[in-house]
Amino acid sequence: MLRLENIEVSYGDIPALHQLSIEVGAGEMVALIGANGAGKTTTLNTISAILTPTSGAVWFEDRRIDRAEPEAVVEMGILHVPEGRRVFSGLTVEENLLVGATRWRRRGMSATLDLERIYDLFPRLKERRKQRAWSLSGGEQQMLALGRALMARPKVLLLDEPSLGLAPIVTQEVFRTIQHLNHEGLTVLLVEQDAYAALQIARRAYVLEMGRVALEGDCAALRKDPKVQDAYLGG
């Protein structure tokens, strides 16, 4: 469904990704793990067309997208929830959610059922639907960022560090929701600093080191790999 082939990306003269090749099948949840600076966020930004590779190709549903505009990538059904939530702080919860449904509303389609689904997934957002986003806790803002992306009816969800800055109990709730969405058939590419959690909920994973794929495979096998245990799972 989503495939990166031999991707090279640089920030000016500084290389960031080197011959990176990964693949995410329809309905899969695949994790990208690695140390800070390994290229995880750069990979998501390349898929989203925020960054343009200097060589290689990005394919989505057999269509090459690495020269597309970011808006076109969203229209295709690839939604990116970036690190740090980035909700619209001055808008209410419900206004933030409706921003996610803009492309459907432009076509005269109702977002009512989508809102109901988000409120079923995140009851706290329903309780706070008239509050300004700035007044929410970090966990609630993460739920709002996820909900806003889901309002766009994605085919693929790109998640960048969804647990960042969250209390453990909130992290568990967010991950349970991500698993639920995946079990419903949503394709997920998950970037997560908490390698243990990522390898618990994803089916396959790629380990990135210095912009390259160092290891890849089934998550159950990677959890037992001595290199992964020593570097990312605390031995």
Ignoring hydrogens, what is the shortest heavy-atom contact between [X] and [Y]? Give both atom names and the distance.
X      : Y      : answer
Phe175 : Ala197 : CE1-CB, 3.4 Å
Arg86  : Pro82  : CD-CG, 3.8 Å
Pro53  : Thr46  : CD-CG2, 4.0 Å
Leu222 : Gly217 : CD1-O, 3.6 Å
Arg64  : Ala57  : NE-CB, 3.5 Å
Ser10  : Pro15  : OG-CA, 3.6 Å

With heavy-atom distances below 4.5 Å as the criterion, would you say the side chains of [X] and [Y] are in contact?
X      : Y      : result
Arg128 : Met143 : no
Leu4   : Ile47  : yes
Val188 : Val30  : no
Gln131 : Leu136 : yes
Leu17  : Glu8   : no
Ile201 : Met29  : yes
Val207 : Val213 : no

From [X] atom [atom1] to [Y] atom [atom2], the distance as rounded to the nearest 0.5 Å:
X      : Y      : atom1 : atom2 : answer
Leu79  : Leu150 : CG    : CG    : 8.0 Å
Trp59  : Leu2   : CH2   : CG    : 12.5 Å
Tyr196 : Arg223 : OH    : CZ    : 7.5 Å
Leu97  : Arg148 : CG    : CZ    : 8.5 Å
Phe60  : Thr187 : CZ    : OG1   : 7.5 Å
Tyr232 : Leu215 : OH    : CG    : 8.0 Å

Ion pair check, [X] and [Y], cut-off under 4.0 Å:
X     : Y      : answer
Glu28 : Arg203 : yes
Glu95 : Arg132 : yes
Glu5  : Arg3   : yes

Could you tell me whether a side-chain N or O of [X] sits under 3.5 Å from a main-chain N or O of [Y], the two making a donor and an acceptor?
X      : Y      : answer
Glu140 : Ser137 : yes
Asn182 : Ile178 : no
Asn6   : Gly56  : no
Arg129 : Lys126 : yes
Lys40  : Leu190 : no
Arg204 : Glu23  : yes

**Q.** Residues which pass side chain to side chain contact (heavy atoms under 4.5 Å, CB included) with Val73, listed by chain and number, not counting sequence neighbours
**A.** Ala49, Ala68, Ile78
Q) Hey, any chance Leu166 and Ile169 share a hydrophobic cluster, counting ILVMFWY side chains that come within less than 4.5 Å of each other, even indirectly? A) yes
Could you tell me whether the side chains of [X] and [Y] share a donor-acceptor contact shorter than 3.5 Å?
X      : Y      : result
Glu184 : His180 : yes
Tyr119 : Glu94  : yes
Thr42  : Tyr11  : yes

Q. What do the steps show when you test Ile7 against Thr54 for side-chain contact (heavy atoms from CB on, under 4.5 Å), and what is the final call?
A. CA-CA 8 Å; Ile7 290 293; Thr54 53; over 6 Å; no
Q.
So for atom CG, which belongs to Asp62, do other residues, nucleotides or ligands contribute more than 12 heavy atoms lying within a distance under 6.0 Å?
A. no
(Q) Arg67: which residues meet the salt bridge (Lys or Arg N to Asp or Glu O under 4.0 Å) condition with it, sequence neighbours left out? (A) none
Q) Where do Thr43 and Leu208 land on the side-chain contact (heavy atoms from CB on, under 4.5 Å) test, with the steps shown first? A) CA-CA 10 Å; Thr43 300; Leu208 302 190; 3.9 Å; yes
**Q.** Stepwise side-chain contact (heavy atoms from CB on, under 4.5 Å) test for Val228 and Leu199
**A.** CA-CA 10 Å; Val228 174; Leu199 294 176; 4.0 Å; yes
Q | Step-by-step side-chain contact (heavy atoms from CB on, under 4.5 Å) determination, Glu173 to Arg124 | A | CA-CA 12 Å; Glu173 184 177 354; Arg124 272 183 283 176; 2.4 Å; yes
Residues 155-164, side-chain donor-acceptor partners within the protein, below 3.5 Å, at least two apart:
unit_1	atom_1	unit_2	atom_2	d
Lys155	NZ	Glu61	OE1	3.2
Asp160	OD1	Thr41	OG1	3.3
Asp160	OD2	Thr41	OG1	2.8
Glu161	OE1	Gln193	N	2.7
Glu161	OE2	Gln193	N	3.4
Ser163	OG	Glu192	OE1	3.3
Ser163	OG	Glu192	OE2	2.6

